[in-house]
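Quick one: structure below, then a few questions.
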Amino acid sequence: DGKEAIDIQQFTQEKSESELPELLLVGRLTEKKGCIYLLQAMLILKTRYPDIKLTIVGDGPLKKGLVSYAKENGLNVDFVGKEPAERIRSRLARSWVFVAPSITAENGDAEGLGMVFLEAQALKTPVASFRSGGVVEAVKDGTTGLLAEEKDVASLADNIAYFIDSEATRIEYGANGRERVEQKFDIRKQCLLLEDIYDSVR
């Protein structure tokens, strides 16, 4: 069914969280990535977690506005621009939560399955996002991540807080994520399955 998949053998970094709560977003800074909702959630979270930090990897047309919103509101957000895959993987392994609150844009553009959601889970990082587009297939709500309704900033903040408050939950969701990606989204496995199907129809 044309599933996207990743090469799980490239995701072998040890999960080793940063000392202070770190969130990570990787994506092009466009409307459908929902970055502004994440910054609004950060505003709620920073009162409870003064040490919280968000790193945003990626560039895009909305960057300037997002940077000034973060500055005006005194948010600890690091906009690092584009980075190579290897660097992103080590960031994912360090992060407490992968946050990517995708939405359906005004023009109807929505998130596909989203490879980076799979990559985060492959590195045992739980996901907090919105129930949008292909995210619902990439992330199993209540098992590998927590999904709020689109644009529900308060719930998004609550879900992130839930992960920050409990290391045990992060470890559990992280392990579930890795297992699910190995089972359903490993490119080698998917290729073998396809070969089986081709063999059976020959």
Side-chain angles (χ1 to χ4, degrees), residues 13-27 29 31-58 62-81 83 88 90-103 111 114 116-117 119-121 123-132 135-136 138-178:
Q13 280 86 343
E14 265 310 301
K15 182 74 190 166
S16 144
E17 290 186 340
S18 56
E19 209 171 307
L20 300 171
E22 267 188 42
L23 311 178
L24 181 69
L25 169 83
V26 179
L29 304 182
E31 187 196 352
K32 78 169 174 187
K33 290 295 175 192
C35 262
I36 189 64
Y37 303 103
L38 177 53
L39 295 184
Q40 289 167 4
M42 281 288 287
L43 200 49
I44 298 171
L45 290 164
K46 80 165 188 171
T47 47
R48 275 181 70 178
Y49 312 100
D51 292 327
I52 194 170
K53 179 186 178 188
L54 166 65
T55 301
I56 294 181
V57 179
L62 299 184
K63 183 170 181 177
K64 213 171 139 190
L66 294 165
V67 170
S68 47
Y69 181 93
K71 272 210 182 87
E72 282 158 22
N73 291 287
L75 303 176
N76 185 3
V77 184
D78 197 3
F79 291 85
V80 296
E83 291 192 325
I88 291 171
S90 36
R91 284 194 190 277
L92 281 168
R94 274 178 62 77
S95 297
W96 291 30
V97 191
F98 179 72
V99 280
S102 304
I103 58 159
E111 192 71 69
V116 70
F117 287 93
E119 295 176 358
Q121 294 171 95
L123 290 168
K124 301 186 179 172
T125 306
V127 179
S129 181
F130 288 145
R131 207 171 274 118
S132 177
V135 177
V136 292
V139 179
K140 194 163 164 54
D141 188 20
T143 305
T144 71
L146 293 170
L147 304 180
E149 293 306 321
E150 280 195 25
K151 303 184 185 178
D152 183 348
V153 172
S155 294
L156 176 65
D158 283 346
N159 289 344
I160 295 170
Y162 182 74
F163 284 129
I164 292 176
D165 288 340
S166 168
E167 187 186 5
T169 304
R170 295 197 300 277
I171 290 170
E172 181 197 342
Y173 276 62
N176 292 343
R178 172 76 189 191

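Please read these numbers as outputs of a predicted model, since none were measured by experiment. Throughout, residue positions are numbered sequentially from 1 according to the sequence presented.
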Residues S102 and E150: closest non-hydrogen pair is O-CG, 4.2 Å
What pairs with R131 under salt bridge (charged side-chain N to carboxylate O under 4.0 Å, His left out), at least two apart in sequence or on another chain? D141, E149
Could you tell me whether R91 and E22 make a salt bridge, using a distance below 4.0 angstrom between a side-chain N and a carboxylate O? no
Whether S155 side chain and D152 backbone form a donor-acceptor pair below 3.5 Å: no
May I have the step-by-step check of side chain to side chain contact (heavy atoms under 4.5 Å, CB included) for L75 and L39, ending in yes or no? CA-CA 8 Å; L75 303 176; L39 295 184; 4.1 Å; yes
Donor-acceptor pairs are to be reported for all side-chain atoms of residues 62-72 against protein atoms at under 3.5 Å, with residues two or more places apart or in another chain.
residue, atom, partner, partner atom, Å
K63, NZ, D59, OD1, 3.0
S68, OG, K64, O, 3.2
S68, OG, G65, O, 3.1

So which heavy atom on P101 is nearest to which on L25, and how close? CD-CD1, 4.3 Å
Under the 3.5 angstrom rule, does the side chain of W96 hit a backbone N or O of F163 as a donor-acceptor pair? no
Determine yes or no for a side-chain-to-main-chain donor-acceptor pair under 3.5 angstrom, with K46 supplying the side chain and A41 the backbone. no
Set of ring pair (Phe, Tyr, Trp, His ring centres under 6.0 Å) partners for F130, sequence neighbours left out: none
Tell me which one of L45, V99, V97 satisfies side-chain contact (heavy atoms from CB on, under 4.5 Å) with L54. V99
Quick one: pull up OH in Y49 and CG in N76 and give me the separation to the nearest 0.5 Å. 15.5 Å
Side-chain contact, heavy-atom cut-off 4.5 Å: K140 with N176? no
Euclidean distance, I52 CD1 relative to L20 CG, rounded to 0.5 Å: 10.5 Å
State the CG-CD1 distance between L23 and I164, to the nearest 0.5 angstrom. 5.5 Å
Please check: side-chain N/O of S95 versus main-chain N/O of F98, any donor-acceptor pairing under 3.5 Å? no
Side chain of T55, backbone of D78: donor and acceptor closer than 3.5 Å? no
Greater than 12 external heavy atoms within 6.0 Å of K33's NZ: yes
Please evaluate residues L24 and V57 with respect to the criterion side chain to side chain contact (heavy atoms under 4.5 Å, CB included), reporting the C-alpha separation (whole Å), side-chain torsions for both, the decisive distance (0.1 Å), and the verdict. CA-CA 8 Å; L24 181 69; V57 179; 4.0 Å; yes
Which heavy atom of K53 sits nearest to which heavy atom of M42, and what is that distance? C-CE, 4.3 Å
Side-chain heavy-atom pair Y173, L146 within 4.5 angstrom cut-off: yes
For A128 and I160, which heavy atoms make the closest approach, and how far apart are they? CB-CG1, 3.8 Å
Can you confirm whether Y162 is buried at OH, in the sense that more than 12 heavy atoms of other residues, nucleotides or ligands lie under 6.0 Å from that atom? no
I'd like to check K15 versus R178 (side-chain heavy atoms, cut-off strictly below 4.5 Å). Are they in contact? no
Got a second to check how far N73's CG is from Q40's CD, nearest 0.5 Å? 9.0 Å
Candidate pair V139 and Q121, rule side chain to side chain contact (heavy atoms under 4.5 Å, CB included), full reasoning: CA-CA 8 Å; V139 179; Q121 294 171 95; 4.1 Å; yes
Which atom of P50 lies closest to which atom of T47, heavy atoms considered: CD-O, 4.3 Å
Side chain to side chain contact (heavy atoms under 4.5 Å, CB included) evaluation trace for L92 with K124: CA-CA 9 Å; L92 281 168; K124 301 186 179 172; over 6 Å; no
R48 bridged to D165 by N-O distance under 4.0 Å: yes
Correct closest heavy-atom pair for L29 and C35 would be CD2-SG, 3.5 Å
Side chains of R94 and S18 in contact at under 4.5 Å (non-hydrogen atoms): yes
